[in-house]
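Everything below concerns the one structure shown next.
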Amino acid sequence: MAAATLIDGRAIAAQIRREAAGRVAGLKVRGVTPGLAFVRVGEDPASKVYVGRKEAACAELGIFSETRVLPEATRQEDLLALIAALNSDSRLHGILVQAPLPKHIREPIIYSAVAPAKDVDGFHPVNVGKLALGDPTGFRPCTPAGIEELLARSEVNTAGAEVVILGRGNIVGKPMAAMLCQKTARANATVTICHSATRDIPSHCRRADILIAAMGVAEFVKADMVKPGAVVIDVGVNRVNGRLVGDVDFAAVQKIAGKITPNPGGVGPMTIAMLMQNTVRAAELYHA
Ligand code: GUN
């Protein structure tokens, strides 16, 4: 079988960033500059890289950004005080607290403290609830929203499709499932979530028309777990002997799949593009 078509996340992300830049220009005509605050706690090396890329994207699009870096030993109440200050700062339309946070800080308490109207990560319970209810007025988490865009802009039909998601995390797996099971044009799929207690994961994977790997196990998805012609989306970022690899054994699976995301260059750039889109939308809603 011919090798799979690549789903070019860099190209699709660039298109979304151009769309966002056009909306930023529209806001600037009205005297509004969208603003986004980043909060990073501790010295997690991956978080430094991710926040750096998000800052660069803001600069490219003309979005004002401000980064607050707090020490690893920061007390939860001091982080909450910072979030309260950012919530009431009218220059800022979005607030992003980079995960993971240090173990002594309870992430649900932090994410519940961000004003829902500034929650461009889509992690506040109000936005999580709106997503579950199919209420489009909320903010949706950037990585699953980016995957929805990749599928839509690559002409992948999700209606009636068997979607299998590997991983049940709050950032990707659960919100992805909530999105794709909605009764909407870009969703309407039959969704299965597999996780560490799932019996016989490969048999679920082999049923999938669309397989989304987001469980964080290096090259877990092998060729014999993929239905010929299936669409394979690799969300994984795993460091193995200093090399970054996804959750999909790309070299083998690309010979079987119909469409596949490269990694890097697939889902990663989409996460940042959707953050820009959410931030511009937050500013537009604030100044509506
Ligand atoms: N850590 C990994 N992904 C994300 C994300 O989308 N948002 C935040 N805030 N932290 C993350």
Side-chain angles (χ1 to χ4, degrees), residues 9 13 16-17 36-58 63 65-70 72 74 79-80 82-83 86-87 92-103 105-116 118-128 131 138-150 165 167-179 212-217 233-239 244 246-247 261 263-264 266-279 281-282:
I16 290 168
R17 283 156 73 136
L36 175 56
F38 299 106
V39 180
R40 195 162 63 65
V41 186
E43 297 301 319
D44 178 60
S47 292
K48 284 187 189 173
V49 173
Y50 292 141
V51 172
R53 286 186 191 153
K54 293 169 187 177
E55 288 168 335
C58 286
I63 294 174
S65 80
E66 175 178 292
T67 301
R68 304 294 187 97
V69 180
L70 302 178
E72 177 83 20
T74 298
L79 178 54
L80 289 171
L82 171 61
I83 290 170
L86 299 173
N87 280 341
L92 299 169
H93 306 96
I95 299 169
L96 182 143
V97 183
Q98 185 68 26
L101 292 170
K103 295 229 169 349
I105 293 178
R106 296 198 36 215
E107 286 186 3
I109 293 185
I110 299 306
Y111 289 117
S112 299
V114 174
K118 294 192 176 189
D119 174 34
V120 288
D121 249 336
F123 292 171
H124 189 285
V126 164
N127 287 318
V128 177
L131 171 57
F139 288 103
R140 306 182 316 155
C142 301
T143 301
I147 294 169
E148 188 194 272
E149 286 291 342
L150 282 181
I165 300 168
R168 56 177 154 189
N170 290 333
I171 296 181
V172 186
K174 275 193 268 183
M176 187 83 259
M179 274 178 214
I212 301 174
M215 82 293 222
V217 178
I233 306 290
D234 186 359
V235 189
V237 183
N238 309 288
R239 190 169 287 279
L244 288 180
D247 288 354
T261 54
N263 189 347
V267 174
M270 294 301 293
T271 298
I272 297 178
M274 299 313 287
L275 175 66
M276 299 299 109
Q277 191 184 83
N278 276 352
T279 302
R281 180 162 162 254

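The figures here come from the full heavy-atom set of this structure, side chains too, leaving out hydrogens, waters and symmetry mates. Values in this document were obtained by computation on a predicted structure and should not be read as measured data. Ligands are counted one by one from 1 in listed order, and the atoms in each one are counted from 1 as well.
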### Message
So for Phe123, does at least one of its heavy atoms come nearer than 4.0 angstrom to any atom of ligand 1?
### Response
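Judged by the 4.0 Å heavy-atom criterion, Phe123 does count as contacting ligand 1.
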#### Entry: Contact summary for Asn127 and Gly138, nearest pair of heavy atoms
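Distance-wise, the nearest heavy atoms are OD1-CA, 3.4 Å.
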#### Entry: Residues that Ser65 engages under side-chain hydrogen bond (donor to acceptor under 3.5 Å, both in side chains), provided they are two or more places apart
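Residues passing side-chain hydrogen bond (donor to acceptor under 3.5 Å, both in side chains) with Ser65: none at all.
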### Query
Does Asn263 reach the main-chain N or O of Gly236 with its side chain, forming a donor-acceptor pair under 3.5 Å?
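It does hold such a pair.
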Within the 4.5 Å heavy-atom criterion, are [X] and [Y] side-chain neighbours or not?
{"X": "Leu131", "Y": "Met179", "value": "yes"}
{"X": "Ile63", "Y": "His93", "value": "no"}
{"X": "Val237", "Y": "Tyr50", "value": "yes"}

### Task
Record the part of Val97 in heavy-atom contact with ligand 1 below 4.0 Å; permitted values are side chain, backbone, both and neither.
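Backbone only; the side chain of Val97 stays clear of ligand 1.
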### Query
For atom 4 (C) of ligand 1, which candidate among Leu275, Val235, Ile171, Val39 holds the nearest heavy atom?
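Selected option, by shortest heavy-atom distance: Ile171.
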#### Entry: Proximal candidate to atom 7 (N) of ligand 1 [heavy atom criterion; set Val51, Asn170, Asp121, Val237]
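Considering heavy atoms of Val51, Asn170, Asp121, Val237, the nearest to atom 7 (N) of ligand 1 sits in Asp121.
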Any N or O of [X] that comes nearer than 3.5 Å to an N or O of ligand 1?
{"X": "Ala99", "result": "yes"}
{"X": "Thr271", "result": "no"}
{"X": "Leu96", "result": "no"}

### Task
Among all protein heavy atoms, pick the one closest to atom 11 (C) of ligand 1 and tell me residue, atom and distance.
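The closest heavy atom on the protein side is Gln98 NE2, 3.4 Å.
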